[in-house]
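Remarks on the structure that follows.
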Amino acid sequence: MKKKILFVSLALTSALLTVGISSIQAYSLSPSVKTPADNTTQKVVMAAEAFVKTLNTAQQKKVLFEWSDAKQKIQWSNLPTGIFQRNGVKLGELSSPQQTALFALLQSVLSKKGYEQVVQVIDGDEVLKTMGGGGNLIFGRAEYYVSFVGTPSQTSPWILQFGGHHMAINATVAGADIVLTPSLTGGQPTKYTLNGKTVEPIIAESNAASKLLVSLSSSQQKQAIIGSKFIDLILGPGKDGKTLQPEGIKGSSLSATQQALLLDLIATRVNLVNEEDAAVKLKEIKANLENTYFAWSGAVTDGANAYFRVTAPTLILEFSPQSMGGSASNHTHSMYRDPTNDYGVNLYK
Amino acid sequence: MKLIWILIWLGWLLPSVVAHPADVLVQAAYITISPTKIRLELDLTAGELVAKNFLSKLDLNQNAMISPEEVRQFSSHVLEQLTLEVNQKPILLQLESSQIPEIAQVKLGGGQVQLVFVGAPIAVGQNQLVFKNSFAPVKSAYLANVFVQSSAVKIISQQRDQTQQTFDVRYSITESAFPRVFAWWLGLIPVLGLVAWRFFRVPQKKVNS
């Protein structure tokens with residue numbers, strides 16, 4: 001009888017220990033990635049580690065957040081400082097070598113085009129700052145923040161957060177995969193002159209959308225147009241976990257040429273990430289093109305003054321002009337989400 | 001009155017850096033349909049030129065603090081201006097939660113007031129939901145969108161009027177509004193009753209004749 005009690009007690013204790021240890025592990029440790037790191041990820045991790053090494057202890061403490069920090073994961077916005085406070089270290093607090101290391105990291109994560117766009121948005125914000133106004137709001141080049149959720153690693157997922165006024169890049173790195181969803185891009189002004197050169201950070205996507213709309217027949221436009229005025233972003237910051245129901249014209253109702261134009265439009269956003277990861281995403285989108293919808297709200301004659309949206313099983317793109325003085329096309333917000341894989345939730349276990 | 005026009009004019013001239021149009025209150029409605037409830041999230045973001053007027057509807061005693069009672073009164077006032085009908089029958093909405101930002105944030109044009117209302121379960125089959133938002137404390141821009149929280153709900157069509165104050169959604173629900181798990185438990189009740197009756201019944205005494 002005593003042996004039986006001892007056996008049952010031992011069995012119960014070991015069961016409790018197993019459950020307890022696995023619960024603690026699940027709570028405190030980073031999950032493991034589903035695919036082994038490839039060359040791109042190895043370069044990104046090296047660049048991230050190199051940047052972190054340039055920081056002093058106090059800066060590292062400000063920049064690195066635990067993977068389990070759910071609040072920090074969603075701590076991003078298009079708003080300037082004064083209305084929204086980002087965490088991390090801002091460009092204005094980084095020395096020149098530290099900034100060089102940070103921009104090298106961004107270059108490794110993004111494509112050449114994506115990196116250019118990020119720099120153009122920052123430059124545009126500096127131009128806006130020199131125009132004056134803003135009151136208690138703080139913006140401009142110095143106000144772009146960097147932070148990490150999780151530690152840069154080849155085997156565990158982590159997120160690089162880089163953002164400021166009109167921009168929030170959230171790059172989840174998990175093994176071979178790097179995804180930018182959710183990310184917000186945009187700008188104000190959307191056209192400016194810098195060093196004698198005209199810069200238009202968002203012209204490619206507004207042109208691609210206009211080109212697609214113009215290619216539609218009047219009956220197709222009837223399906224695509226859901227409103228006569230431009231509207232605000234629906235799934236902007238703070239709207240995680242919501243999936244927009246498709247509206248507009250379905251990919252299967254488009255001709256091959258129109259489908260190619262739709263894909264061109266999608267590519268302007270997807271191609272912000274490095275070429276290798278963009279190719280993976282575009283392949284997935286191409287496979288779902290028949291079930292992808294294009295919707296337009298606003299004037300048909302003036303592409304840059306209209307809201308448009310692309311909804312696919314694994315993609316939501318929004319483009320929204322903001323009526324805030326002068327032409328609405330001079331201030332835009334764009335959202336890029338994957339309703340199935342924001343923050344790379346499918347890339348680790 | 002002149003001062004208001006000057007302010008509006010200045011608002012158009014100066015580059016505004018806030019997130020939304022400066023002279024309107026953006027009212028974004030997020031309607032989520034599930035087999036067990038309808039959830040209406042109303043997000044109110046006032047531009048800096050209308051923020052003061054908007055705040056006067058919320059901070060009733062003007063003490064720069066929003067009390068729970070002021071939130072209750074404000075949400076009741078908003079609710080009076082909203083109608084949500086399913087198959088032409090009004091759905092009774094109740095406040096489930098609210099989020100009120102710092103007053104300073106609202107004044108800058110960035111704070112978002114969020115009110116979440118919920119309504120009772122709805123019928124299986126094809127339905128028509130009509131949402132009307134007549135809340136207009138200041139000049140407003142409206143958005144209305146529908147979301148689903150279950151594969152049992154399918155959106156058939158969405159239509160809005162020009163201002164998006166009226167939103168018409170046709171949808172279907174393919175399973176009972178009553179959660180399946182409860183149905184299982186309901187089904188188990190007679191079985192458990194039978195078992196209990198079998199084991200715990202008091203044996204009847206045999207009457208010797």
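Basis for what follows: all heavy atoms, side chains included, without hydrogens, waters or symmetry-related copies. Just so it is clear: chains get the letters A, B, ... in the order the sequence lines come, proteins before strands, and each one is counted from 1.
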More than 12 foreign heavy atoms under 6.0 Å from [atom1] of [X]: is that the case here?
X: A:Gln85; atom1: CD; value: yes
X: A:Glu93; atom1: CD; value: yes
X: B:Lys132; atom1: NZ; value: no
X: A:Lys90; atom1: NZ; value: yes
X: B:Lys107; atom1: NZ; value: no

Check: B:Tyr30 and A:Lys239 side chains under 4.5 Å, non-hydrogen atoms
yes

All N/O donor-acceptor pairs, side-chain side in residues 57-76 of chain B, below 3.5 Å, sequence neighbours left out:
residue, atom, partner, partner atom, Å
B:Asp59, OD1, B:Gln62, N, 3.4
B:Asp59, OD1, B:Asn63, N, 3.3
B:Asp59, OD2, B:Asn63, N, 3.3
B:Asp59, OD2, B:Ala64, N, 2.8
B:Asn61, OD1, B:Asn63, N, 3.3
B:Gln62, NE2, B:Asp59, O, 3.1
B:Asn63, OD1, B:Met65, N, 3.0
B:Ser67, OG, B:Glu70, N, 3.1
B:Ser67, OG, B:Glu70, OE1, 3.4
B:Glu69, OE1, B:Arg72, NE, 3.1
B:Glu69, OE2, B:Arg72, NH2, 2.9
B:Glu69, OE2, B:Gln73, NE2, 3.1
B:Glu70, OE1, B:Ser67, N, 2.9
B:Glu70, OE2, B:Leu60, N, 3.0
B:Glu70, OE2, B:Asn61, N, 3.1
B:Ser75, OG, B:Val71, O, 3.0
B:Ser75, OG, B:Arg72, O, 3.0
B:Ser76, OG, B:Arg72, O, 2.9

Can you name the closest pair of heavy atoms from B:Gln158 and A:Pro246 and give their distance?
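What the structure gives for the nearest pair is NE2-O, 4.0 Å.
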
To the nearest 0.5 Å, how far apart are [atom1] in [X] and [atom2] in [Y]?
X: A:Lys242; Y: B:Glu41; atom1: NZ; atom2: CD; value: 4.0 Å
X: B:Glu48; Y: A:Leu137; atom1: CD; atom2: CG; value: 7.5 Å
X: A:Lys229; Y: B:Gln162; atom1: NZ; atom2: CD; value: 6.0 Å
X: B:Ser157; Y: A:Gln245; atom1: OG; atom2: CD; value: 12.0 Å
X: A:Ile83; Y: B:Glu102; atom1: CD1; atom2: CD; value: 13.5 Å

Region of A:Thr243 that comes under 4.5 Å of a non-hydrogen atom in chain B:
backbone

Quiz: residues 142-149 of chain B side-chain donor-acceptor pairs under 3.5 angstrom, not counting sequence neighbours:
residue, atom, partner, partner atom, Å
B:Tyr142, OH, B:Phe135, O, 2.7
B:Tyr142, OH, B:Gln165, NE2, 3.4
B:Asn145, OD1, B:Arg160, NH2, 3.1

Checking heavy atoms, do the side chain of B:Asp43, its backbone, both or neither come under 4.5 Å from chain A?
side chain

